[in-house]
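What follows is one structure encoded as structure tokens, with my remarks underneath.
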Amino acid sequence: MPILTDPLTLATGSVLQNRFALAPLTNQQSHDDGTASEHDLHWFEQLAGGGYSMLTTAAANVQTNGKSFAGQLGIYDDRHIPGLSAMAEIAHRHRTLASVQLHHGGMFARQELIGSEALVGPSDNEETGARALTLPEVEQLRDDFITGAGRAQRAGFDGVELHGAFGFILSAFLSPQTNRRTDLYGKNPEGRSRLLREIIQGIRAGCGPDFHIGLRLALSGQDPHLPELRDLVAVFLERGLVDYLDLVVRSLDTRVEGGLHTGEVLVDLFTDLPRGTTVVGVSGDVMSAAGAQRALDHGSDFVFVASGAVVHHDFPQRALADHAYETPRPPLPASFFRDQGRSPAFVNYLEESLGFVQAQ
Ligand SMILES: Cc1cc2nc3c(=O)[nH]c(=O)nc-3n(C[C@H](O)[C@H](O)[C@H](O)COP(=O)(O)O)c2cc1C
């Protein structure tokens, strides 16, 4: 069983110096045009000194109509490269690997942020008002993910993580609930995962074998299509299609409710799958040193710290120094976050959208 101080080598040859990675954390502090702000750089500098083996940026949108958060980081234009370069430089100065999370909100993009552009998804969606992408638009989306990865590489990042979770566009393509296409990009599991596979192939072809590709997927114990997702992960692991998986669970104790695997521990269903060169990280409720070690004991190779990093940006250093370390649990006073150097926009997001801030 690995321990938290063990290094971990990716198939690209890059080495994670320990088992702590930073999860993607939206913070709404980029400029309106998606370029990184001083606040982005300050936050990355704080994190980079905090002991993570790999930092992930906030979700960065690859097309303008994928924007889902005010102050979202962008990667849809070359003008984003200088700010991203500064972020990559910060990570590398601290000997930390760095990934950009490539994102498109799809039907969960925000109309007020995308102006007259249409909300889009794999199929028409009555609830959100999104319309189905045409075939040329799917191909353009694929190409824009690949171009986004190229920009991340030009900016000096070691790799990218594809955002395939939370109903955003790549996960919407994977799900039979939201993907009812009858063309090549739908119809059956092969079709529903085609967009993702073509993006991965394109990034490999364009960025080469040293540039890592991660994939984030969210696991839910109540997902009626869990077996299809598990089959997809099994194929990805068997073929080594990505260098790492970032599997999001609510908790390590979450169990499957309904269907074939009822009662089984959700995360184990995925960490038990045979894996070749792909390493598997778990994100969810890593708020203590013991919690992180438990994730490794459940078969993950490394952990992604999210809420824990918002509370203490140097979570890994603290956890590596003290086996009994545990973060305070939000909600916490706004002054707690301000005193740690979080920007006003970030604190506002934590308060308004995430319930991280105590009512006065
Ligand atoms: C402030 C905040 C911002 C987040 N932003 C993103 C994001 O940009 N992309 C993403 O995939 N997940 C995002 N998440 C989800 C986290 O990466 C993580 O998977 C989730 O919070 C579960 O881990 P935790 O229980 O340790 O917080 C965010 C979570 C928080 C708290």
Side-chain angles (χ1 to χ4, degrees), residues 20-30 34 36 39-40 43-44 46-47 52 54-62 66-75 87 99-106 108-110 160-172 214-220 244-254 266-267 281-292 294-295 300 302-313 315-316 319 326-332 334 336-337 340 342-343 345-357:
F20 290 101
L22 178 76
L25 291 173
T26 288
N27 40 63
Q28 301 204 319
Q29 57 191 0
S30 302
H39 295 303
D40 284 313
W43 172 230
F44 231 54
Q46 283 191 308
L47 293 162
Y52 302 88
M54 179 165 68
L55 299 182
T56 315
T57 67
N61 53 314
V62 299
K67 187 169 181 176
S68 308
F69 308 96
Q72 182 168 1
L73 189 65
I75 192 159
M87 294 174 82
S99 303
V100 176
Q101 190 187 43
L102 298 181
H103 167 259
H104 186 297
F108 295 119
R110 297 265 297 278
V160 289
E161 174 180 292
L162 300 171
H163 197 326
F166 309 147
F168 295 129
I169 212 156
L170 296 180
S171 60
L215 171 63
R216 167 163 273 213
L217 297 170
L219 313 181
S220 159
Y244 70 82
L245 283 175
D246 169 3
L247 301 178
V248 185
V249 289
R250 184 174 293 275
S251 138
L252 292 171
D253 300 318
T254 302
L266 179 62
V267 74
V282 167
S283 171
D285 203 31
V286 175
M287 301 293 277
S288 65
R294 258 192 93 210
S300 72
F302 66 120
V303 297
F304 285 88
V305 185
S307 300
V310 177
V311 176
H312 285 153
H313 54 79
F315 182 107
E326 202 168 334
T327 64
R329 293 236 167 210
L332 296 162
F336 176 90
F337 295 107
Q340 310 265 324
R342 310 291 174 266
S343 73
F346 196 173
V347 175
N348 189 52
Y349 174 52
L350 294 174
E351 182 164 16
E352 305 276 306
S353 305
L354 300 173
F356 269 47
V357 177

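Computed over heavy atoms, backbone and side chain alike; hydrogens, waters and symmetry mates excluded. Indexing begins at 1, ligand by ligand and atom by atom, following the structure's order. Index from 1, following the sequence.
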Original post:
Should Asp285 and Arg294 count as an ion pair when the cut-off is N to O under 4.0 Å?
Top reply: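 Salt bridge absent between Asp285 and Arg294.
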Residue and atom name of the nearest protein heavy atom (relative to [atom]), distance in Å to one decimal:
atom                    : value
atom 30 (C) of ligand 1 : Leu25 CD2, 3.7 Å
atom 28 (C) of ligand 1 : Pro24 O, 3.8 Å
atom 20 (C) of ligand 1 : Ala306 CB, 4.0 Å
atom 1 (C) of ligand 1  : Leu354 CD1, 3.2 Å

Applying a 4.0 Å heavy-atom criterion (strictly less than), which segment of [X] is in contact with ligand 1: side chain, backbone, both, or neither?
X      : answer
Arg216 : side chain
Val305 : neither
Gln101 : side chain
Phe356 : side chain
Arg250 : neither
Val286 : backbone

Atoms in ligand 1 with a heavy atom of [X] nearer than 4.0 Å:
X      : answer
Ala59  : 8 (O)
Val248 : 19 (O)
Ser307 : 24 (P), 26 (O), 27 (O), 31 (C)
Thr26  : 1 (C), 3 (C), 4 (C), 5 (N), 6 (C), 7 (C), 8 (O)
Asp285 : 23 (O), 24 (P), 25 (O), 26 (O)
Phe166 : 10 (C), 11 (O), 12 (N)

Original post:
So is Phe69 in contact with ligand 1, going by heavy-atom distances below 4.0 Å?
Top reply: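 Under 4.0 Å: no for Phe69.
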Original post:
Using a distance-only test with no angle check, is there a side-chain donor-acceptor pair under 3.5 angstrom linking Arg110 and Gln72?
Top reply: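 Result is no, nothing qualifies.
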Original post:
Taking C-beta and beyond as the side chain, do Phe346 and Phe337 meet within less than 4.5 Å on heavy atoms?
Top reply: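 Answer no - side chains too far apart.
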Original post:
Side chains of Ser300 and Val267: closer than 4.5 Å at any heavy-atom pair?
Top reply: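 When only atoms from C-beta onward are counted, Val267 and Ser300 do not touch, as no gap falls below 4.5 Å.
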Original post:
When only distance counts, is Val310 in polar contact with ligand 1, meaning an N/O pair under 3.5 Å?
Top reply: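 It does not: no N or O of Val310 is found under 3.5 Å from an N or O of ligand 1.
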Quick one: does any side-chain atom of [X] pair with a main-chain N or O of [Y] as donor and acceptor, under 3.5 Å?
X      : Y      : value
His163 : Ala165 : yes
Ser171 : Ile169 : no
Thr57  : Gln101 : yes
Arg342 : Gln340 : yes
Arg216 : Glu161 : no

Subject >> Matching residue for Phe304 among Leu25, Leu22, Val248, Thr56 - test: side-chain contact (heavy atoms from CB on, under 4.5 Å) >> reply: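 With Phe304 as partner, side-chain contact (heavy atoms from CB on, under 4.5 Å) holds for just one option, Thr56.
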Original post:
Just going by heavy-atom distances, which of Ala23, Ala165, Ser283 is nearest to atom 19 (O) of ligand 1?
Top reply: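 Checking each option, the heavy atom nearest atom 19 (O) of ligand 1 is found in Ser283.
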Subject >> Separation of His312 NE2 from Met287 CE (nearest 0.5 Å) >> reply: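 The distance works out to 9.5 Å.
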**OP:** Scan Gln28, Gln29, His39 and name whichever one has a side-chain hydrogen bond (donor to acceptor under 3.5 Å, both in side chains) with Ser343.
**Re:**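 For Ser343, the side-chain hydrogen bond (donor to acceptor under 3.5 Å, both in side chains) test succeeds with only one of Gln28, Gln29, His39, which is Gln29.
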